[in-house]
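A short write-up of the structure that comes next.
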Number of protein chains: 2
Amino acid sequence: MSKHEHISMSVIRRLPRYYRFLSFLIESDVMRISSKELSEKMGITASQIRQDLNCFGGFGQQGYGYIVEDLQKAIGEILGLNNLKKTVVIGAGNIGRVVATHMIFENQGFKMIGIFDKNERLIGESIRGIRIDDSASLEKFCNENHPSVAALCIPKEDVPEIIDRLIALGIKAFWNFSHYDILVKYPDVAVENVHLNDSLMTLSYKSNDL
Amino acid sequence: MSKHEHISMSVIRRLPRYYRFLSFLIESDVMRISSKELSEKMGITASQIRQDLNCFGGFGQQGYGYIVEDLQKAIGEILGLNNLKKTVVIGAGNIGRVVATHMIFENQGFKMIGIFDKNERLIGESIRGIRIDDSASLEKFCNENHPSVAALCIPKEDVPEIIDRLIALGIKAFWNFSHYDILVKYPDVAVENVHLNDSLMTLSYKSNDL
DNA sequence: TAGATTGTTAATCGATTAACAATC
DNA sequence: TAGATTGTTAATCGATTAACAATC
């Protein structure tokens, strides 16, 4: 997993998509597939698929193609889905609830171990068997349970303070749903900014001339 | 808006981010900014900012920089935020609720005019003053109200059928939250696939070696 | 063996960065 | 006018596509 140095993010961002298509093929009992067939299903070139996969080693067989199940497993391993990362959700409002309920699953490499909010009316409720706790108790919780990932589902004005606290507590990765842009200025901290608004504005642009 | 031909998606996807940073600057009463200052705040090069903006015309002034408010307005116009698009939300489950409640706002160019679900227990409820209607009545509703955008918040197995129906009813743009990849095989149909799972898997990869 | 399809190198294309003349 | 910063062209860099030899 760590022997593959300098893979570009363009390649990495296609891996989950490969993983998804391969999972569909498994559901449909497809055993093997060629880069050409897959390229037609996915709407990209066969060349790109082979190029991408060969960043990580030869998963295919000349004259035959790729074994779907093996390839899916291999990509899952590259993505680290089998390595469960302890995750806390910060913010139990609407978006926090969706994230806690629908997004963080163990088959994707994340195990939710805590949910936090500063709103007293939410503290004590449970989502998927996990009690919503007071944000003030984050220090105690992290020191005891050592989560490494946080999903931020809080208003932008609360983000800068909570990031500093969480980094001090050993959080290494942020899944950021707030409207605040986390710039990766800390070494060894990973960030995924989601920004659904940006996606919607992009759709607005695309639909301008239709 | 339509005189700018052939702008690459790389540029377009940066526009909402410019818009967001400029909006922050307005909130902070900053009147003017140079590409250099903005580049430092955003973590990109000044050259790229100037290159991007000049796809659409000269918004700046040599020796002075850009007037924040004017530039923000101009980008909003390029994105089409001032042109309200009638939007329906398909699916009123957890994700549909978040989209209906928090995502579709008029200051972003979209006006929600309908919410639909096939689950009888949800029909009749209201979200932001709009009644959840039976998906079966989509034909009647669209023929009367002519929405042009749909946000798809339904399970993947329901997507192919609903897309065909909605395209037949004149929907031109899809904001797709389902785990189904809408490939743009129809001309004059715009699609934004969101795929939060892909984002999470990318975070998984990034956090592998920390 | 012949046919198919990969792995991989080379060619092309596009996006980003650098440089500088234009100009406020 | 002098200083600053844009608009824009040229150079660089990276990503995608094409081609083909290797090989199952």
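We name chains A, B, ... by the order of the sequence lines, and we start the count at 1 in each one.
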Q.
Would you compute the distance between atom OG1 of B/T45 and atom CD of B/Q51 and round it to the nearest 0.5 angstrom?
A.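 Taking OG1 in B/T45 and CD in B/Q51, the distance rounds to 9.0 Å.
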Q: State the CZ-CG distance between A/F177 and A/N193, to the nearest 0.5 angstrom.
A: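 The CG atom of A/N193 is 10.5 Å from CZ of A/F177, to the nearest 0.5 Å.
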Gap between atoms [atom1] and [atom2], on [X] and [N] respectively (whole Å):
X	N	atom1	atom2	answer
A/H6	D/dG14	NE2	P	11 Å
A/I12	D/dG14	CD1	P	16 Å
B/I49	C/dA15	CD1	P	18 Å
B/M9	D/dT16	CE	P	15 Å

Residue list, salt bridge (charged side-chain N to carboxylate O under 4.0 Å, His left out) with [X], at least two apart or on another chain:
X	value
A/R17	B/D181
A/K111	A/E106
B/D133	B/R131

(Q) What verdict does the side-chain contact (heavy atoms from CB on, under 4.5 Å) test give for A/Y205 and B/I7, after you've listed the backbone C-alpha separation in whole Å, the side-chain angles of each residue and the deciding distance to 0.1 Å? (A) CA-CA 11 Å; A/Y205 177 88; B/I7 311 283; 4.0 Å; yes
Q. For C/dG14, does either OP1 or OP2 sit under 4.0 Å from a side-chain N or O belonging to B/S8?
A.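 Negative; the distance criterion is not met.
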**Q.** Set of side-chain contact (heavy atoms from CB on, under 4.5 Å) partners for A/H179, sequence neighbours left out
**A.**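 Here the qualifying residues are A/K156, A/N197.
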(Q) Output one letter per nucleotide in nucleotides 5-12 of chain C: B when a protein non-hydrogen atom lies under 4.0 Å from the base, S when only the sugar-phosphate is that close, - when neither is. (A) BBBBBB--
Q. Can you check whether B/L79's main-chain N or O pairs, donor with acceptor, with A/S204's side chain at less than 3.5 Å?
A.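 Pair found, side chain donor or acceptor close to backbone of B/L79.
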Q. In dot-bracket form, how is DNA chain C paired, counting a Watson-Crick or G-U wobble pair only if both its distances are under 3.5 Å and using | for bases paired to another strand?
A. ..||||||||||||||||||||||
